[in-house]
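Side-chain atoms are counted along with the backbone in the values below, which use heavy atoms only and exclude waters and symmetry mates. Proteins come first, then strands; the chains are lettered A, B, ... in the order of their sequence lines, and each starts at number 1.
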Number of protein chains: 2
Amino acid sequence: MRLTTRGRYAVTAMLDLALHYEHGPVSLAEIAKRQGISQSYLEQLFARLRRNRLVDGLRGPGGGYKLGRPGDTISVADVIDAVNESVDATRCGGQRNCQDEHRCLTHDLWEDLSTQIRDFLSGVSLDQLVKRQSVQTVHRFQEKRVSDLQTEASI
Amino acid sequence: MRLTTRGRYAVTAMLDLALHYEHGPVSLAEIAKRQGISQSYLEQLFARLRRNRLVDGLRGPGGGYKLGRPGDTISVADVIDAVNESVDATRCGGQRNCQDEHRCLTHDLWEDLSTQIRDFLSGVSLDQLVKRQSVQTVHRFQEKRVSDLQTEASI
DNA sequence: GAATACCTGAGTATTTCACTCGGATTAGCG
DNA sequence: CGCTAATCCGAGTGAAATACTCAGGTATTC
């Protein structure tokens, strides 16, 4: 099992989309600036998100991305799956052939762990995250910071 | 966060020790054969397990390893920690400086996930694993296989 | 003192990650 | 139409980690 920046970035970016849903499509440049993620890297992640119908891309000026379906129907697990990070903890990918065609001693343990993690991440939707106190706090801080940078640049 | 072969091998090997506790020290050669793990690689893992006092090494002929303390006081989390695989899911390692010295949007989510995983793995002891039906089944199968190989070789 | 095991450190092929770069395509606007 | 803003797409790359191997040293038992 692995959970790395890829999955974390993807969830963060999707949450950014959810937070700015009313303002129309959000460009990757905005997300990159707000969340401190490389824009080219975001492009790769969004290619995967798009293939999984989690986002819709709109080209041209004023374009950007928006959620492919309502935020309460997208779970964190969906996002992580989309960017190809399996949350499977077994070595064999659930195939039970971990030790030359047989189950290894600890196969069931890792299977249980996988279920545990999957249930947890499936139980959290983007909308639930948006409503969280901690997310709102960071969200407002980021908005302020971006506008600060803009006024600073205009001086 | 990562959970790879290293952590899985370590838990499997520790469980093997627990299963053969009555028969005195278990050599790495036995574990390697039974569990299908490279012996040299096991040596590296056991160096870490030894440093963390999870096992005692006994040199010389008839030597091997035994559990450093009773199996009901060793959790799966202990073993994974010992081989240096952090189960922390945050990017910052809990430091809250994930986005240039500030918390990132999803920091708390990953912290919750880390707690979830840690609680699960801390709640499972080696003794509990030994008692599991699935472990006993695989255990007996492995014993049979090893003795089959021995009689086969003696022909 | 020979065999058996633990112990140690160095090296290495492969994979993955986290990114960059260059360019193509599409759409809105004057 | 042409400019520009944006999504798209594919290839490449440096650094790190993983999962090993190999060569030897050291303790212990018979």
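- One interatomic measurement links the two molecules: CZ of R48(A) to C1' of dC8(D), which rounds to 15 Å at whole-angstrom precision.
- K33(A) places its NZ atom 13 Å from the P atom of dA5(D), with the value rounded to the nearest Å.
- Note on F46(B): nothing from the nucleic acid sits closer than 4.0 angstrom, heavy atoms only.
- Interatomic distance, L45(A) CG to R8(A) CZ, rounded to the nearest 0.5 Å: 12.5 Å.
- Sequence neighbours left out, the pairs with a member in residues 58-80 of chain B that pass ring pair (Phe, Tyr, Trp, His ring centres under 6.0 Å) are F46(B)-Y65(B).
- Considering K33(B), Q35(B), R34(B) in turn, Q35(B) is the only one that fulfils the side-chain hydrogen bond (donor to acceptor under 3.5 Å, both in side chains) rule with Q142(B).
- When rounded to the nearest whole Å, the span between CG of L45(A) and P of dC8(D) equals 14 Å.
- Nucleotide dA5(C) holds its P atom 15 Å from the CG atom of L42(B), rounded to whole Å.
- For the pair Y65(B) OH and dT28(D) P, the computed distance is 14 Å after rounding to whole Å.
- Of all nucleotides listed (dT18(D), dT7(D), dC19(C)), dT7(D) comes nearest to the side chain of S27(A).
- In this structure, CD1 in I80(B) is found 11.5 Å from CE in M14(B), a value given to the nearest 0.5 Å.
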- Task: Encode nucleotides 24-30 of chain C as B, S and - characters from 5' to 3', where the letter depends on protein heavy atoms closer than 4.0 Å: B to the base, S only to sugar-phosphate, - to neither.
- Result: -BBB---
Between the protein and nucleotides 8-11 of chain C, list the N/O to N/O atom pairs that are separated by less than 3.5 angstrom.
residue, atom, partner, partner atom, Å
dT8(C), O4, E43(B), OE1, 3.3
dA10(C), N6, Q44(B), NE2, 3.3

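- Evaluation of the ring pair (Phe, Tyr, Trp, His ring centres under 6.0 Å) test over residues 121-144 of chain A, restricted to residues two or more places apart or in two chains, returns H20(A)-H139(A), F141(A)-H102(B).
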- Task: Take W110(B) and L113(B) through the side-chain contact (heavy atoms from CB on, under 4.5 Å) test and state the conclusion after the steps.
- Result: CA-CA 5 Å; W110(B) 309 126; L113(B) 175 60; 4.1 Å; yes
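- Note: CG (D56(B)) to C1' (dT28(D)) measures 16 Å, nearest angstrom.
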Table please: side-chain donor-acceptor pairs of residues 48-55 of chain B below 3.5 Å, with sequence neighbours left out.
residue, atom, partner, partner atom, Å
R48(B), NH1, V83(B), O, 3.4

Would you tabulate the side-chain donor-acceptor contacts of residues 36-43 of chain A under 3.5 Å, counting partners in other chains and residues two or more places apart, or write 'none'?
residue, atom, partner, partner atom, Å
S38(A), OG, S40(A), N, 3.4
S38(A), OG, Y41(A), N, 3.1

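- Residue contacts shown for Y9(A) are limited to sugar-phosphate atoms, with no base heavy atom under 4.0 Å away.
- In this structure, R6(B) atom CZ and dA17(D) atom P are separated by 10 Å, rounded to whole Å.
- Rounded to an integer number of Å, the gap from CD of Q39(B) to P of dC22(D) is 13 Å.
- The CG atom of L17(B) lies 8.5 Å from the CD1 atom of I74(B); values are rounded to the nearest 0.5 Å.
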